[in-house]
Protein chains: 2
Amino acid sequence: MAEKQRRKPGETREKLMTAALTLVGKGRHFASLGIREVTRQAGVVPTSFYRHFRNMDDLGLQLVDELGLVLRRMMREARANVLQADKLIEESVAIFISHAQANRSFFLFMAQGLAGESRAVQEGIRSEMRFFASELANDLRRLRLVDHLTDQDLDMTCDLVVRSVAFSLTDLLGVSAEDDYQIEQIRKRTTRFLQLIFVGAAHWQSAG
Amino acid sequence: MAEKQRRKPGETREKLMTAALTLVGKGRHFASLGIREVTRQAGVVPTSFYRHFRNMDDLGLQLVDELGLVLRRMMREARANVLQADKLIEESVAIFISHAQANRSFFLFMAQGLAGESRAVQEGIRSEMRFFASELANDLRRLRLVDHLTDQDLDMTCDLVVRSVAFSLTDLLGVSAEDDYQIEQIRKRTTRFLQLIFVGAAHWQSAG
DNA sequence: CACATTAGTGAACACTTGTACACATGAATA
DNA sequence: TATTCATGTGTACAAGTGTTCACTAATGTG
């Protein structure tokens, strides 16, 4: 008989969240996951689920919180590694892609959640993206690369940048993680998107 | 007892597709819909489903085809109504938003499908977007507004435009259809995104 | 008109689902 | 040490699931 296997507190909770992500990573959509399915994947009895989450939406919300941590780690690494302004875009995109690869399931969950079933999860992801965009605006301001833009125009630019990168995410997650050629294509295209946006920003006249 | 109610050929088929869209319109995610659920919504017996579709993915694929028609109608209207080049962006965005409102469920389905469960549906929607982008490139070329861009750079620009608009879609579908203020905000922001992109395109140097 | 085809119906199947309940055990607290 | 609490387990159940089957009525074709 299976004994009670209590270990570190919160371990089962984590197992359940990981299990959901694993299923998403295998191609399932989060909205189609069930409680039993997730507990089965986690190697846990169905009733355990309720000890940690009220329902799947709740689990989704907690995943969004962890997603926030992943994004912040990514920002930190970008800030630490992007030293020269002329390579800023290339290097940032490269860091983004490597993080997206390393946390594939997380980013899949994010892409799904943007048009997902739970309004709360949707709003949470949107909020993370807004935060990301505003941090980006701060950095650009600090680097004094965009002095001619009003705050509002800079916010808009960063918003567009984040959206474009997020969309590239869906490209990236659509190809195999080993398909280096395709990944390189996506990297190049995303880089050019951002360059185009920043050229636009450089010549932007707030009035027009 | 319910009699056999055969009417126009393909009527049940259409009822099933409409039913799926209706459920999506009510906030459900396509990936979480079941056959029985859809047939129930359509007012049809579950077995009827198999007369028209092999499974839900199949239904999704056929919805993508219809989505193509919706997009083509939208392009036609845009081409007919956008006469003066200086208002091109504003008017196009306005037409896009009005179509998105009029076919809310369809566009919801599209937004969901981009990161959906079925690879085939995903690919289908992507393909529609590529077609849309290439038509846009043709139009811009024809209007001689972008003579300084290479074909490749024009394609990239249009790709970015379509992506940005598609992302705005998720904003739009997230707010109530009656919330005129928010919709106006989204319209303005999308317009500014596109303006920024075209300013970038106008100053774009292929080499750099 | 006879006949094959298409497209509708209801009953039945073996499973899966979410959730409730009672119970057990380890850890924290008093 | 005694007790409480959080977290694990097994059983149970009603409802919902996808899919198969045999049957039937309308339609198009010769």
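Chain letters run A, B, ... following the sequence lines, proteins first and then strands; every chain starts at 1. Note that the structure is a prediction, hence the values are computed from the model and not measured.
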Exercise. Side chains of A/H29 and A/V24: does their closest heavy-atom pair fall under 4.5 Å?
Worked result: no

Problem set entry | Value in whole Å for how far the C1' atom of D/dT27 lies from CD of B/E11 | 15 Å

For this session: Have a look at B/R54 and say if it touches a base, only the backbone sugar-phosphate, or nothing, with a 4.0 Å heavy-atom cut-off.
Result: nothing

For this session: Would you mind classifying the nucleic acid contact of B/Y50 as base, sugar-phosphate or nothing, using non-hydrogen atoms under 4.0 angstrom?
Result: base

Seminar exercise, completed: Rounded to whole Å, the CZ-P distance (A/F49 to D/dT9) equals 15 Å

For this session: For A/M56 and C/dT19, give me the distance from atom CE to atom C1', rounded to whole Å.
Result: 15 Å

For this session: For C/dG8, take OP1 and OP2 only and decide whether either is under 4.0 Å from a side-chain N or O of B/H52.
Result: yes

Exercise. B/E91 and B/V82: which non-hydrogen atoms are nearest, and at how many Å?
Worked result: OE1-CA, 3.5 Å

Exercise. Could you state the NZ-P distance from A/K15 to D/dT7, rounded to the nearest angstrom?
Worked result: 14 Å

Exercise. At under 4.0 Å between heavy atoms, what does A/R40 touch on the DNA or RNA strands: base, sugar-phosphate, or nothing?
Worked result: sugar-phosphate

Problem set entry | Interatomic distance where CZ belongs to B/R51 and C1' belongs to D/dT19 [whole Å] | 13 Å

For this session: Starting at atom CD of B/E37, determine the distance to atom P of D/dA15, rounded to an integer number of angstrom.
Result: 18 Å

For this session: Please report the shortest heavy-atom distance between A/A115 and B/A111, naming the atom on each side.
Result: CB-O, 3.7 Å

Problem set entry | Near-strand residues of residues 19-36 of chain A, defined as heavy-atom separation under 4.0 angstrom from DNA chain C | A/G34, A/I35, A/R36

Problem set entry | Sequence-distant partners of A/F30, ring pair (Phe, Tyr, Trp, His ring centres under 6.0 Å), two or more places apart | A/F109

For this session: Rounded off to whole Å, could you give me the CG-to-P distance for the B/L16 and C/dG8 pair?
Result: 8 Å

Exercise. Side-chain donor or acceptor of B/T47 under 3.5 Å from a matching atom on the base of C/dG8?
Worked result: no

Seminar exercise, completed: Residue set satisfying ring pair (Phe, Tyr, Trp, His ring centres under 6.0 Å) with B/F53, at least two apart, ordered chain then number -> B/F49

Seminar exercise, completed: Whole-Å distance, A/F53 CZ to D/dA6 P, equals 17 Å

Exercise. Do B/E135 and B/R142 sit within salt-bridge range, that is, some charged N less than 4.0 Å from a carboxylate O?
Worked result: no

Exercise. Among the nucleotides C/dG10, D/dT9, C/dG8, which one has an atom lying closest to any side-chain atom of B/T12?
Worked result: C/dG8

Problem set entry | Pair B/E37 + B/R40, salt bridge at N-O below 4.0 Å | no

